[in-house]
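Notes follow once the structure below has been shown.
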Amino acid sequence: MAIYEALLKHYGPQGWWPVAGSYHPGDYGVPKNEEEAFEIIVGAVLTQNTAWTSVERALENLRRIEALNPCKILALSWDVLKSAIRPAGFFNQKAIYLREVALLFAGLKGRTPSRKELMSVKGVGNETADSILLYAYKRPEFVIDAYTKRIATALGLAARGAGYMELKDLFESNLPRDVALYQEYHALLVEHAKRFYSGKARESSGAFVDFLRDLSY
DNA sequence: AGCCAGGCTACCG
DNA sequence: CGGTAGCATGGC
């Protein structure tokens with residue numbers, strides 16, 4: 001919580017997840033309907049190992065052909081679907097993944113899927129499942145991504161070889177079970193990591209020092 | 001030019 | 001099982 005407070009004070013509310021092309025700082029009511037929830041799910045798949053700026057283009061392409069809903073995704077030809085998501089990379093795999101999640105979503109009829117259910121979908125692993133549950137369904141599942149792992153290991157909170165569930169457990173067992181907190185915390189970790197733990201700066205001692213300085217504010 | 005990006009699956013030993 | 005090649009485009 002001390003780390004969270006320091007990050008929040010320093011960076012302010014981040015407003016993940018971006019929906020309809022923009023962020024929504026401080027608004028934890030997003031998504032406000034099924035369409036927005038599905039857009040988050042599509043974004044969660046498209047952003048796998050991919051910069052969000054590239055995902056935005058793919059989402060915009062899908063929006064333009066009115067394909068940001070499960071039925072349309074399932075109805076599109078492979079060629080059209082692939083060319084729409086092309087900017088987000090890995091389009092052959094991701095086209096398959098999108099159809100898989102569209103099929104699941106359509107079958108839910110508004111029900112919230114279990115974590116196990118999501119994980120059984122091809123293309124949905126730990127992080128994607130948690131992102132979907134936390135941001136699309138407002139469930140208290142802490143999301144661990146590469147940035148979060150870098151920060152946690154750099155701070156000595158976790159071993160270098162720590163697995164996904166281990167890290168998830170670390171955060172969840174030390175925080176109140178609160179959706180808004182989980183959403184904001186993850187967003188703040190990403191923002192901080194982008195500044196100090198990405199590219200050549202990753203795991204540098206300078207990043208660690210900068211973090212401590214932020215903490216002391 | 002070459003490394004990196006908000007991972008996952010399949011396959012290797 | 002733990003570890004990793006392959007997947008593809010765009011930004012810097």
Side-chain angles (χ1 to χ4, degrees), chain A residues 7 11 13-19 21-25 30-31 39-62 78-104 113 115-136 141-154 158-168 171 182-204 207:
Chain A
L7 289 172
Y11 294 113
Q14 298 301 299
W16 266 26
W17 188 282
V19 171
S22 63
Y23 289 83
H24 40 85
V30 176
E39 179 181 332
I40 290 172
I41 292 171
V42 171
V45 169
L46 292 178
T47 198
Q48 290 170 2
N49 201 44
T50 302
W52 185 257
T53 50
S54 299
V55 177
E56 283 277 81
R57 281 205 201 86
L59 284 175
E60 190 46 47
N61 289 341
L62 289 171
W78 286 113
D79 274 359
V80 172
L81 179 56
K82 286 178 183 178
S83 64
I85 65 173
R86 185 184 177 85
F90 305 124
F91 53 80
N92 287 303
Q93 309 188 53
K94 286 176 179 175
I96 296 170
Y97 297 170
L98 287 183
R99 278 205 188 178
E100 296 284 327
V101 294
L103 202 53
L104 172 73
R115 191 172 193 278
K116 185 182 293 184
E117 212 170 356
L118 283 167
M119 292 281 291
S120 73
V121 175
K122 178 184 286 214
V124 178
N126 281 309
E127 185 189 336
T128 307
D130 285 334
S131 295
I132 289 172
L133 287 168
L134 180 62
Y135 290 104
E141 304 284 350
F142 203 90
V143 177
I144 304 297
D145 61 5
Y147 289 143
T148 306
K149 183 168 183 176
R150 278 179 214 164
I151 291 181
T153 55
R160 193 120 17 220
Y164 186 95
M165 294 310 287
E166 199 177 334
L167 285 156
K168 179 177 162 76
F171 282 91
Y182 283 14
Q183 290 191 354
E184 195 58 64
Y185 203 160
H186 179 237
L188 288 164
L189 286 169
V190 172
E191 176 57 30
H192 184 68
K194 277 182 174 173
R195 300 184 184 221
F196 298 110
Y197 294 86
S198 57
K200 53 180 173 49
R202 72 170 59 184
E203 297 190 34
S204 73

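Below, read A as the first sequence line, B as the second, and so on, with proteins coming before strands; counting in each chain starts at 1. Everything quoted here is computed from the prediction, not taken from an experiment.
- Trp52(A) has its CH2 atom 12 Å from the P atom of dG7(B), to the nearest Å.
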Pull out every protein N or O sitting under 3.5 Å from an N or O of nucleotides 1-7 of chain C, one pair per line with the distance.
{"unit_1": "dC7(C)", "atom_1": "O2", "unit_2": "Gln93(A)", "atom_2": "NE2", "d": "2.6"}

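- Rounded to a whole Å, the CG atom of Asp145(A) is 10 Å from the P atom of dC8(B).
- Heavy-atom nearest nucleotides on DNA chain B were determined for Thr53(A) and for Val121(A), and the one closer to the 5' end corresponds to Thr53(A).
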Open item on the list: Go through it in stages, so that I can follow the logic: the residues are Leu62(A) and Leu81(A), the test is side chain to side chain contact (heavy atoms under 4.5 Å, CB included), and I'd like the CA-CA distance, side-chain angles, deciding distance and then a yes or no.
Closed with: CA-CA 8 Å; Leu62(A) 289 171; Leu81(A) 179 56; 4.2 Å; yes
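- Using a 4.0 Å heavy-atom criterion, one finds that Val124(A) contacts the sugar-phosphate atoms exclusively.
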All N/O pairs under 3.5 Å across the protein-nucleotides 10-13 of chain B interface:
{"unit_1": "dA10(B)", "atom_1": "OP1", "unit_2": "Lys122(A)", "atom_2": "NZ", "d": "3.0"}

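- Ala146(A) comes within contact range of the sugar-phosphate backbone alone, with a heavy-atom separation under 4.0 Å but no base atom that close.
- Look at Arg150(A) and you'll find a side-chain N or O under 4.0 angstrom from OP1 or OP2 of dA5(B).
- Rounded to a whole Å, the CD atom of Glu127(A) is 12 Å from the P atom of dT9(B).
- The distance from atom OH of Tyr147(A) to atom C1' of dG7(B) is 13 Å, rounded to the nearest whole Å.
- Side-chain contact between Ile96(A) and Trp78(A) is present, with heavy atoms from C-beta onward closer than 4.5 Å.
- In this structure, the side chain of Ser83(A) engages the main chain of Val80(A) through a donor-acceptor pair within 3.5 Å.
- Remark: the backbone N or O of Pro13(A) is not paired with any side-chain donor or acceptor of Glu184(A) at under 3.5 angstrom.
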Open item on the list: Would Leu46(A) and Tyr97(A) count as a side chain to side chain contact (heavy atoms under 4.5 Å, CB included) here? Give the steps.
Closed with: CA-CA 9 Å; Leu46(A) 292 178; Tyr97(A) 297 170; over 6 Å; no
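- For Arg57(A), a side-chain nitrogen or oxygen approaches OP1 or OP2 of dG11(C) to under 4.0 Å.
- Straight-line distance from the CG atom of Leu167(A) to the C1' atom of dG7(B): 15 Å, rounded to whole Å.
- Rounded to whole Å, atom P of dC8(B) lies 15 Å from atom CD1 of Ile41(A).
- Between Thr128(A) and the phosphate of dC8(B), there is a side-chain N or O to OP1/OP2 separation shorter than 4.0 Å.
- Outside the 6.0 Å centre-distance limit, the rings of Tyr182(A) and Phe171(A) are not counted as a close aromatic pair.
- Straight-line distance between the P atoms of dC8(B) and dG10(C): roughly 22 Å, to the nearest whole Å.
- Note: NZ (Lys194(A)) to P (dG11(C)) measures 14 Å, nearest angstrom.
- With hydrogens and angles disregarded, a donor-acceptor distance shorter than 3.5 Å links the side chain of Lys94(A) to the backbone of Ala88(A).
- Base pairing of dG2(C) is made with dC12(B), judged by Watson-Crick or G-U wobble geometry with both donor-acceptor distances under 3.5 Å.
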Task: Worked check of side chain to side chain contact (heavy atoms under 4.5 Å, CB included) between His192(A) and Tyr197(A) - done: CA-CA 8 Å; His192(A) 184 68; Tyr197(A) 294 86; 3.9 Å; yes
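- Whole-Å rounding puts the Ile132(A) CD1 to dC8(B) C1' distance at 13 Å.
- Annotation: side chain of Glu127(A) is not in contact with side chain of Ile144(A) (no heavy-atom distance under 4.5 Å).
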Open item on the list: Run the side chain to side chain contact (heavy atoms under 4.5 Å, CB included) test on Val101(A) and Val42(A) for me, step by step, so that the C-alpha distance in whole Å, both residues' side-chain angles and the decisive distance to 0.1 Å come before the verdict.
Closed with: CA-CA 8 Å; Val101(A) 294; Val42(A) 171; 5.6 Å; no
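- Only the P atoms considered, dA1(B) is 24 Å distant from dC7(C), to the nearest whole Å.
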